[in-house]
Visitor: 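Here it is: the structure, laid out below.
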Amino acid sequence: MSYLSELNPKQIEAVKAVEGPVMVVAGPGSGKTRVLTYRIAHLIQIGVPAYRILALTFTNKAASEMKERIVKIVGEKSRQLWMGTFHSVFARILRVECELLGFGRNFTIYDTADSLGLIKNIMNSLGVPQQQYNPQAIRSRISGAKNQMIGPTEYAAQALDLFAEKTGRVYAEYDRRLRQHNAMDFDDLLLKPIELFQRHKKTLEKYRDLFRFVLIDEYQDTNRTQYVLIKTIAEKYRNICVVGDDAQSIYAFRGADIRNILDFQNDYSDLKTIRLEQNYRSTKTILAAADHLIKHNQDQISKSLWTENPEGETITLLSCDDDRDEGNRIVARVFDESRRLKIDLKDFAIMYRTNAQSRSLEDALRKNSIPYIIVGGIEFYQRKEVKDALAYLRIVVNPQDGESFLRIANYPVRGLGAASLERLQAFAAERNLSLLSAAGKANEIDGLSQRAKVSFLQLFDFFTKYEKLKREISLTELSRSMIEETGMLALLKDEATAESLERWQNVQELLSALSEFAAQRDDATLEAFLQDVSLVSAVDNLDPNRNAVTLMTLHSAKGLEYPVVFITGLEEGLLPLYNSSLDRKEIEEERRLFYVGITRAMTKLYLSTARMRFRYGETAYQSPSRFLEEIPDELTDELVVRTKRLFKTRADERSGKFAFDRGASEFSPKAAAFHSDPEPDYESDIDALELLKIGKLVEHSDFGQGKIIGLSGEGDSMKAVVDFDSVGRKNLMLKYARLKVL
DNA sequence: ATTAGGCGATTTTTT
DNA sequence: ATCGCCTAAT
């Protein structure tokens, strides 16, 4: 077994302990993924059929990457592994088994936005005012209840206040409607399998027997339903291996339950615990900072992380004036460090607590023509036009899907407003019909205008036609012709604004994605495509080959690593983020989130704060995060900038005045050690780059004064066309030209 | 009575 | 950028 030579003794132990319950407590960067990969490869190598192994990961990307590596080690037979996120694996099982629960195999998966829409609709029909009862809050309460396996009846019985009482009523109706729509929300994908296994012992036996080996990654972020689910499944063989790190538990808001770790220890008396404490990722400095920080948490399993990696550089603090300044200074550091460390843009990650923070960072990157990719944020599949197109496709697959029907009933505009849809819904409820079939009986609905009747009937015919065509033409043809016929493409094209054309593009992109999907898989169905689309996570789309700076939330950063990491917005109220209550547990989760961020960094870590920040539509004064005090001073440096730095001119260099008179990046005394590192003769010029605009007057040391009349290129290859008073037009590489802005 | 379109407020983190 | 509310238009 040659691969064992690549592992340390603890890792080998974790790979080889395949029988019985095992818990691997794996610190950040301790080679956890490697252990999981080799463990599965090892299982296959000793003769376990791949299809008898269930491996649950946190993202689909992690699953497919791991699978590829396993295929490389032990060959094609490992393709049959059951591997993916909880949600995708159990969605797959439900597709086969859900008829036992009264669902059709073509059920639709509702994402958070769909489920919120349904809840709002229900609140309207139950007469629960949305002003008094926040639909979001109701949705998250229902989701919370589901994650703890509390059903609507039980929830209503426990309701103590008015809010809970209303939530209970909405919850009951919500469940009913999901069933009517033949739809499941994210929580159902975990809850329904439990129900299935409870009610159908034969099915339970089938899966218990199938999954002889069960592995779970990121165990600290599993919730109660996930815990019950795997415990149920693994009961027969008890070959269950969980891998996780309590210090990286950051999903309590989603129902992740730390009890899952403690209970696991209680559930299995013969549990073998293996600790992976050697870190292969970060410098000693970064690891020490993380360690000091996390020691401030009371709730934790104590562990002592260590590394053979070098001491490394100190962590650099950037104290910025405001969010704009923060963006600019980070961009400047990206330029400097890419030069100094000779690394690519893809080696940089900028992290933040809230998605809203990405804006000022994006502005700075865009202005300086630095390519970047943003993880999450406004996701492709969340865009209105994409969701609209998807809704049409969803209805063809599942004609009962009322939520999708309501979404597109009046898009493109067909004269079906709120009142008409209200009538349709009432009629459908009365006769126990789906909205689509009710639309087919529009003539029987009282009080509907003639126009609305015609529209409903046309809509019904439209879907009837495509339901039929579905069996006759290819996936690609069907979707293309259908979306074409809705008229939404023409509508977007005719509008001809930059925005509408972008939307048009997005719809086209969706259709291409579908074609590609159809071409790639021989078993490709519209159902499968729609399921994939519902369950993609933000990081799944991260392309490691693109050379661009990565921007993401601290949550998305879990499991990733980068040579240089910037963690931004280290301010009270932002990290830790304040909401209504901030008790110890919440602070500790925020601290873990920061911990996750720090431990993503391999060689260099930057932490930034802004004195003022634009939030909720106004500029607020911010104070530094309490977490900064928890990192020992000797591990950090402060990079001070006095004023905006301009390009040096030769004259400045000669006089040596530049650094003091005009301000520059300058290190505080304790940063001297860092500054004395061998630095390439490269200047940090980015602050000035953003000042460079067409029309600006500039000075060149040889050509004198001139005016910028054109700018092109990006990064190091950025050029400017300058009209000089003395010599006329010149095309200059900014990197060498050393222009001074006047 | 309905619907269409404009304007203003609003974002914690996510499968 | 999206959602909800308001007013003008049909």
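Order of the sequence lines fixes the chain letters, A, B, ..., with proteins taken first and strands second; residue numbering starts at 1 for each chain.
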Visitor: Quick check: are there more than 12 heavy atoms from other residues, nucleotides or ligands sitting under 6.0 Å from CD of A/Glu195?
Guide: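 Buried by this count: over 12 neighbours within 6.0 Å.
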Visitor: Salt bridge or not for A/Glu362 and A/Arg359, using N-O below 4.0 Å?
Guide: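 Salt bridge absent between A/Glu362 and A/Arg359.
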Visitor: Take atom NZ in A/Lys585; do more than 12 heavy atoms of anything else shown fall under 6.0 Å from it?
Guide: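 No, not enclosed.
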Visitor: For A/Lys387 and C/dT2, give me the distance from atom NZ to atom C1', rounded to whole Å.
Guide: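 Interatomic distance, NZ of A/Lys387 to C1' of C/dT2: 12 Å.
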Visitor: Which nucleotide in the list B/dT15, B/dT3, B/dT12 gets nearest to the side chain of A/Arg353?
Guide: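 Nearest to the side chain of A/Arg353 among the choices is B/dT12.
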Visitor: Is a side-chain donor or acceptor of A/Asn355 paired with a backbone partner of A/Thr553 at a separation under 3.5 angstrom?
Guide: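 No, A/Asn355 side chain to A/Thr553 backbone: no donor-acceptor pair under 3.5 Å.
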Visitor: Categorize A/Ser420 for me: base, sugar-phosphate, or nothing, with a 4.0 angstrom heavy-atom threshold over every strand shown.
Guide: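 Result for A/Ser420 = sugar-phosphate.
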Visitor: Distance check needed: B/dT15 C1' versus A/Tyr110 OH, whole Å only.
Guide: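 Rounded to whole Å, this separation is 18 Å.
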Visitor: Toward the 5' end of DNA chain B, which comes first, A/Leu421 or A/Ser534, by nearest nucleotide?
Guide: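 Nearest nucleotide further toward 5': that of A/Leu421.
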Visitor: From CD1 of A/Ile374 over to P of B/dT14, roughly how many Å is that when rounded to an integer?
Guide: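 These atoms are roughly 11 Å apart.
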Visitor: To the nearest Å, how far apart are A/Leu575 CG and B/dT13 C1'?
Guide: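 Interatomic distance, CG of A/Leu575 to C1' of B/dT13: 11 Å.
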Visitor: Quickly work out the A/Gln136 CD to C/dT2 C1' distance and round it to whole Å.
Guide: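 Going from CD in A/Gln136 over to C1' in C/dT2 covers 12 Å.
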Visitor: Is a donor from one side chain sitting under 3.5 angstrom from an acceptor on the other, for A/Thr222 and A/Asn260?
Guide: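 Yes, because at least one side-chain N or O of A/Thr222 sits under 3.5 Å from a partner of the opposite role on A/Asn260.
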Visitor: With a cut-off of less than 4.0 Å, is there a side-chain N or O of A/Asn60 near OP1 or OP2 of B/dT15?
Guide: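 Answer is no, no contact under 4.0 Å.
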Visitor: Could you tabulate the donor-acceptor pairs under 3.5 Å formed by side-chain atoms of residues 405-413 of chain A, not counting sequence neighbours?
Guide:
residue, atom, partner, partner atom, Å
A/Arg407, NE, A/Asp388, OD1, 2.9
A/Arg407, NH2, A/Asp388, OD1, 3.3
A/Asn410, OD1, A/Arg414, N, 2.7
A/Asn410, OD1, A/Gly415, N, 3.2
A/Asn410, OD1, A/Leu416, N, 3.1
A/Asn410, ND2, A/Leu416, O, 3.2

Visitor: Tell me: CZ of A/Arg139 to C1' of B/dT12, nearest whole Å?
Guide: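 A/Arg139 atom CZ is separated from B/dT12 atom C1' by 13 Å.
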Visitor: Just checking A/Arg423: base, sugar-phosphate only, or nothing, at a heavy-atom cut-off of under 4.0 Å?
Guide: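 Sugar-phosphate, no base atom in range.
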Visitor: Check the interface with nucleotides 3-7 of chain C: list each N/O to N/O pair with the protein under 3.5 Å, or write none.
Guide:
residue, atom, partner, partner atom, Å
C/dC3, O3', A/Lys120, NZ, 3.4
C/dG4, OP1, A/Lys120, NZ, 2.5
C/dC5, OP1, A/Gln131, NE2, 3.2

Visitor: Counting side-chain heavy atoms from C-beta on, which of B/dT15, B/dT12, B/dT2 comes nearest to A/Thr85?
Guide: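 The nucleotide sitting nearest to the side chain is B/dT15.
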Visitor: Looking at A/Glu590 and A/Pro576, what are the two nearest heavy atoms and their distance?
Guide: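 Taking every non-hydrogen atom into account, OE1-CA, 3.5 Å.
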Visitor: Contact class for A/Ala419 vs. all strands (heavy atom < 4.0 Å): base, sugar-phosphate, or nothing?
Guide: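 If one applies the 4.0 Å heavy-atom cut-off, A/Ala419 turns out to touch the sugar-phosphate alone, with no base involved.
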Visitor: Roughly, in whole Å, what's the span from CG in A/Asn223 to P in B/dT14?
Guide: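 In whole Å, B/dT14 P lies 16 Å from A/Asn223 CG.
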Visitor: Identify, with sequence neighbours excluded, every residue that meets salt bridge (charged side-chain N to carboxylate O under 4.0 Å, His left out) alongside A/Glu218.
Guide: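 For A/Glu218, the residues satisfying salt bridge (charged side-chain N to carboxylate O under 4.0 Å, His left out) (neighbours in sequence not counted) are A/Lys32, A/Lys558.
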Visitor: Atom CZ of A/Arg359 and atom P of C/dA1: how far apart are they, to the nearest Å?
Guide: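 Atom-to-atom, A/Arg359 to C/dA1, this comes out as 7 Å.
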Visitor: Salt bridge or not for A/Arg626 and A/Glu630, using N-O below 4.0 Å?
Guide: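 No, no charged N to carboxylate O under 4.0 Å.
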Visitor: What residues form a side-chain contact (heavy atoms from CB on, under 4.5 Å) with A/Ser360, not counting sequence neighbours?
Guide: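 So A/Ser360 forms a side-chain contact (heavy atoms from CB on, under 4.5 Å) with A/Asp323.
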Visitor: Go through residues 551-559 of chain A and report each residue with a non-hydrogen atom lying under 4.0 Å from DNA chain B, sorted by number.
Guide: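 Those residues are A/Thr553, A/His555, A/Ser556.
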Visitor: Looking at DNA chain B, which of residues 249-261 of chain A put a heavy atom within less than 4.0 Å of it?
Guide: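 A/Tyr251, A/Phe253, A/Arg254, in order of number.
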Visitor: For a quick check of understanding: with a heavy-atom distance under 4.0 Å over all strands, which category does A/Asn410 fall into, base, sugar-phosphate or nothing?
Guide: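 Answer is sugar-phosphate: A/Asn410 comes under 4.0 Å of backbone atoms only.
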Visitor: Scan side-chain atoms only and decide if A/Tyr595 and A/Asn297 contain a donor-acceptor pair under the 3.5 Å cut-off.
Guide: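 No - no donor-acceptor pair under 3.5 Å links their side chains.
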Visitor: Give A/Ala418 one of three labels, base, sugar-phosphate or nothing, depending on what nucleic acid heavy atoms sit under 4.0 Å from its own.
Guide: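 It contacts sugar-phosphate atoms only.
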Visitor: Measure distances between side-chain N and O atoms of A/Thr112 and base N and O atoms of B/dT15, and say whether any donor-acceptor pair falls under 3.5 Å.
Guide: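 Per atom types, the contact qualifies.
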Visitor: Without hydrogens or angle criteria, can the side chains of A/Ser534 and A/Arg394 be said to hold a donor-acceptor pair below 3.5 Å?
Guide: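 A/Arg394 and A/Ser534 do not have a side-chain donor-acceptor pair below 3.5 Å.
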Visitor: Taking the six-membered ring for Trp and the full ring for Phe, Tyr or His, determine whether the centres of A/Phe462 and A/Phe460 are under 6.0 Å apart.
Guide: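 No, too far apart.
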Visitor: Taking for each residue the nucleotide of DNA chain B with the nearest heavy atom, is it A/Leu535 or A/Leu416 whose nucleotide lies nearer the 5' end?
Guide: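 Checking each residue's closest nucleotide, the 5'-ward one belongs to A/Leu416.
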